[in-house]
Participant: 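Next up is a structure, given as structure tokens.
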Amino acid sequence: MAEDPSASSKRLQISFSKVTSIVEQNWSKLQPELLRLILSKLSFAQFIRFKAVCSSWNSIAKSYVSSLRQVPWLLLPGNQEHHARCFFSLEDNKTYQIKNIGNLFGNDAWCVGSSHGWLVLLDDEAKPFLLNPFSQVRIQLPTIERFMFQVNKSYFIQHLRKVFITKAILLSDPSHDNSYVVVLIFGYLSRLAFCKKGDSGWTILSGASQGYCDIIYINDLFYALTSDSSIEVWDFHASLPIKKREIHPSTTREMLEATKCFGNLHSCQTYLVESSGDLLLVLRYIGNFVNEEGEVVDEAYLLSGDSTQPLVCPYQTLMFHVCKLDSREQKWVGVDNLKDEVLFLGGNHSMSLLAQYCSGFEKNSIYFTDDNWNQMNEDDLYGGHDLGKFSLEEKIVKPFYACDLRRIDPPPFWIVPNPW
């Protein structure tokens with residue numbers, strides 16, 4: 001893995017290699033306790049360099065990987081010249097490349113999920129597969145052709161491939177679990193289907209509802225959020241999943257007021273997140289751009305690079321509203337402050353982390369990417385652009401990554417780096 005070109009990084013690597021030739025033998029004999037202390041201070045990029053020093057350091061790194069800080073990186077479009085994919089780290093504000101992995105992604109791969117450092121992708125023929133871009137392991141999944149119903153396959157690939165699956169998650173890490181499960185939300189009715197390792201096909205979840213918005217897996221249970229903000233809890237340990245319970249919380253006054261206030265917007269997307277033991281419902285309001293005077297603009301024009309041609313971006317995220325589940329009262333309760341937590345939302349498995357473990361991220365904030373699949377594929381001029389951070393204290397959206405692309409294709413995705 002190489003940091004995206006900079007002279008200073010190259011000088012650092014040259015200097016590093018010179019020192020290696022002098023003290024390599026002593027480095028390999030450092031005490032494990034000291035090495036683990038060093039590892040606790042490292043970012044993921046530094047961790048990769050650490051384990052490449054020698055075999056003994058690599059062995060220590062393997063034993064430490066479960067304690068590695070789980071700080072997400074942003075998956076970006078690749079560098080075609082080097083068959084590379086790019087990753088942006090907010091921890092050190094740098095972009096990194098993993099070269100020569102373009103063949104693992106294939107042509108025009110479309111990401112539908114990210115869990116445990118693995119991506120769930122559809123290739124250009126709508127065949128799903130898992131990929132860990134850091135270990136460069138690829139796992140083929142059963143075809144989804146049975147879900148295409150009577151639609152011609154070529155039509156499906158051309159028009160439906162990038163909107164048919166809303167989200168997919170892994171219930172465990174395939175690197176360490178031989179009985180992993182993939183669950184996805186699919187189709188116009190937003191139903192659930194799953195596939196266990198070794199299955200020859202996908203199984204539609206029996207007894208499930210429809211109209212699902214988000215899915216997460218926490219504390220060995222599967223949670224599914226429905227369009228009416230209800231929650232279903234499932235146990236996937238048996239041969240066939242068992243629905244444990246349904247939760248139908250009442251809607252808060254704040255939720256109703258927020259929905260009324262943003263009633264003229266294009267859409268409201270909802271997410272389910274576990275945060276410090278609480279179950280959070282996050283509402284994301286997406287609509288037209290707003291000018292400096294606070295007026296809604298039907299069409300927003302953005303200039304990219306040196307181009308003088310305007311780019312029409314018809315949607316952006318304007319606001320978030322957060323609630324937590326009061327399980328005793330069976331209702332959603334408004335949350336004004338996430339305290340030291342940081343939320344990461346988008347097409348990924350929704351997650352919450354403590355800001356103290358996420359250097360470079362602002363606490364009490366939501367970092368989001370563009371997962372508005374239907375609108376981003378309406379036009380080739382825009383899409384993938386709706387990413388930023390929302391401060392719950394200031395109630396505003398700010399950028400955290402500057403991109404000079406008119407269309408970010410494929411759209412950015414959060415992924416927690418997993419080296420094995």
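We number each residue from 1, following the sequence as shown.
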Participant: With under 30° as parallel and over 60° as perpendicular, where do the rings of Tyr315 and His385 fit, or are they tilted in between?
Facilitator: tilted
Participant: A quick test of your reading: do over 12 heavy atoms of other residues, nucleotides or ligands sit less than 6.0 Å from CG of Asn103?
Facilitator: yes
Participant: Look only at the side chain of Lys196 and the backbone of Ser239, and say whether a donor-acceptor pair between them is shorter than 3.5 Å.
Facilitator: yes
Participant: Have Asp92 and Ser89 got a donor and an acceptor in their side chains that come within less than 3.5 Å?
Facilitator: yes
Participant: To the nearest 0.5 Å, what is the distance between CG on Leu354 and OG on Ser352?
Facilitator: 7.0 Å
Participant: Hey, would you say the Phe390 and Phe368 ring centroids sit under 6.0 Å apart?
Facilitator: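 No.
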Participant: Do you know which of Ile215, Ile204, Leu184 makes side-chain contact (heavy atoms from CB on, under 4.5 Å) with Leu192?
Facilitator: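 Of the listed residues Ile215, Ile204, Leu184, the side-chain contact (heavy atoms from CB on, under 4.5 Å) partner of Leu192 is Ile215.
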Participant: Would you call the rings of Tyr96 and Trp73 parallel, tilted or perpendicular if under 30° counts as parallel and over 60° as perpendicular?
Facilitator: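 The rings of Tyr96 and Trp73 lie parallel, inter-plane angle below 30°.
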Participant: Please list, chain by chain and in numerical order, all residues satisfying side chain to side chain contact (heavy atoms under 4.5 Å, CB included) with Ser114, sequence neighbours excluded.
Facilitator: Leu119, Asn348, Phe413, Ile415
Participant: Taking side chain to side chain contact (heavy atoms under 4.5 Å, CB included) as the test, write out the residues that go with Gln140, two or more places apart.
Facilitator: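 Applying side chain to side chain contact (heavy atoms under 4.5 Å, CB included) to Gln140 gives Lys127, Phe129, Arg138.
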Participant: May I ask you to check whether Ser276 and Asp278 show a side-chain donor-acceptor distance below 3.5 Å?
Facilitator: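 Judged by distance alone, the side chains do not pair up.
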Participant: Pairs in or reaching into residues 212-229: which pass side-chain hydrogen bond (donor to acceptor under 3.5 Å, both in side chains), with residues at least two apart or in two chains?
Facilitator: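 The answer is Lys167-Asp214, Tyr212-Glu232, Asp214-Ser350, Thr226-Asp228, Asp228-Ser230.
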Participant: Consider only side-chain N and O atoms of Trp118 and Asp173, and report whether a donor and an acceptor are under 3.5 Å apart.
Facilitator: yes
Participant: When you measure from the side chain of Asp386 to the backbone N and O of Gln316, does any donor-acceptor pair fall under 3.5 Å?
Facilitator: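 No, the answer is negative, given that no donor and acceptor are paired below the 3.5 Å cut-off.
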Participant: Starting at CD1 of Ile98, measure out to CZ of Phe134 and round the result to the nearest 0.5 Å.
Facilitator: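 It comes to 5.0 Å.
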Participant: What is the ring orientation for Phe222 with Phe236, classed by angle as parallel under 30°, tilted 30 to 60°, or perpendicular over 60°?
Facilitator: perpendicular
Participant: Check the surroundings of atom NZ in Lys153: do more than 12 heavy atoms from other residues, nucleotides or ligands lie under 6.0 Å from it?
Facilitator: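 Atom NZ in Lys153 is crowded, with more than 12 foreign heavy atoms closer than 6.0 Å.
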Participant: Once rounded to the nearest 0.5 Å, what's the spacing between atom CG of Leu318 and atom CD1 of Ile286?
Facilitator: 8.5 Å
Participant: With rounding to the nearest 0.5 angstrom, report the CG to OG1 distance, Leu281 to Thr270.
Facilitator: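 Spacing of CG (Leu281) from OG1 (Thr270) equals 6.0 Å.
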Participant: Who passes side chain to side chain contact (heavy atoms under 4.5 Å, CB included) against Ser250, sequence neighbours left out?
Facilitator: Lys331
Participant: Are there over 12 heavy-atom neighbours, none belonging to Lys395, within less than 6.0 Å of that residue's NZ?
Facilitator: yes
Participant: Indicate the ring-plane relationship of Phe88 and Tyr401, choosing parallel, tilted or perpendicular according to the 30° and 60° boundaries.
Facilitator: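 Rings of Phe88 and Tyr401: tilted, as their planes differ by 30° to 60°.
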Participant: Is the number of heavy atoms from other residues, nucleotides or ligands within 6.0 Å of CD (Glu393) greater than 12?
Facilitator: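 Counting neighbours around CD of Glu393, 12 or fewer heavy atoms of other residues, nucleotides or ligands fall under 6.0 Å, so no.
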Participant: First locate atom CZ of Arg245, then atom CH2 of Trp234, and finally report the distance between them rounded to the nearest 0.5 Å.
Facilitator: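 Those atoms lie 13.5 Å apart.
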Participant: When you check the side-chain N and O atoms of Ser43 and Glu91, is any donor under 3.5 Å from an acceptor?
Facilitator: no
Participant: If the plane angle is over 60° it's perpendicular, under 30° parallel, otherwise tilted; pick one for Phe44 and Phe47.
Facilitator: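 Parallel: the ring planes of Phe44 and Phe47 meet at under 30°.
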Participant: I'd like to know if the side chain of Arg161 reaches the main chain of Asp123, judged simply by a donor and an acceptor atom lying under 3.5 Å from each other, with no hydrogens or angles considered.
Facilitator: yes
Participant: Is the side chain of Asn418 donor-acceptor paired with the backbone N or O of Gly117 at a distance under 3.5 Å, no angle test?
Facilitator: no
Participant: Measure across Ala168 and Ser115 and return the closest heavy-atom pair with its distance rounded to 0.1 Å.
Facilitator: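 Answer, listing the atom of Ala168 first, then Ser115: O-OG, 4.5 Å.
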Participant: Taking the side chain as everything from C-beta on, heavy atoms only, tell me whether Asn374 gets closer than 4.5 Å to Val163.
Facilitator: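 Counting from C-beta outward, Asn374 and Val163 do come under 4.5 Å.
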Participant: Could you name each residue pair satisfying side-chain hydrogen bond (donor to acceptor under 3.5 Å, both in side chains) that touches residues 199-208, not counting sequence neighbours?
Facilitator: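 Residue pairs passing side-chain hydrogen bond (donor to acceptor under 3.5 Å, both in side chains), neighbours aside: none found.
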Participant: Return the CZ to CD distance between Phe320 and Gln269, rounded to the nearest 0.5 Å.
Facilitator: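 Rounded to the nearest 0.5 Å, the CZ-CD separation comes to 9.0 Å.
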Participant: Would Arg85 and Phe105 count as a cation-pi pair here, with the cationic atom under 6.0 angstrom from the ring centre and within 45° of the axis?
Facilitator: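 Pair Arg85/Phe105 counts as cation-pi.
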Participant: Could you walk me through whether Glu341 and Lys363 satisfy the salt bridge (Lys or Arg N to Asp or Glu O under 4.0 Å) test, starting with their C-alpha distance in whole Å, then the side-chain angles of each, then the deciding distance to 0.1 Å, before giving a yes or no?
Facilitator: CA-CA 6 Å; Glu341 297 287 332; Lys363 65 180 182 180; over 6 Å; no
Participant: I'd like to check the salt bridge (charged side-chain N to carboxylate O under 4.0 Å, His left out) partners of Lys324; sequence neighbours left out, ordered by chain and number.
Facilitator: none
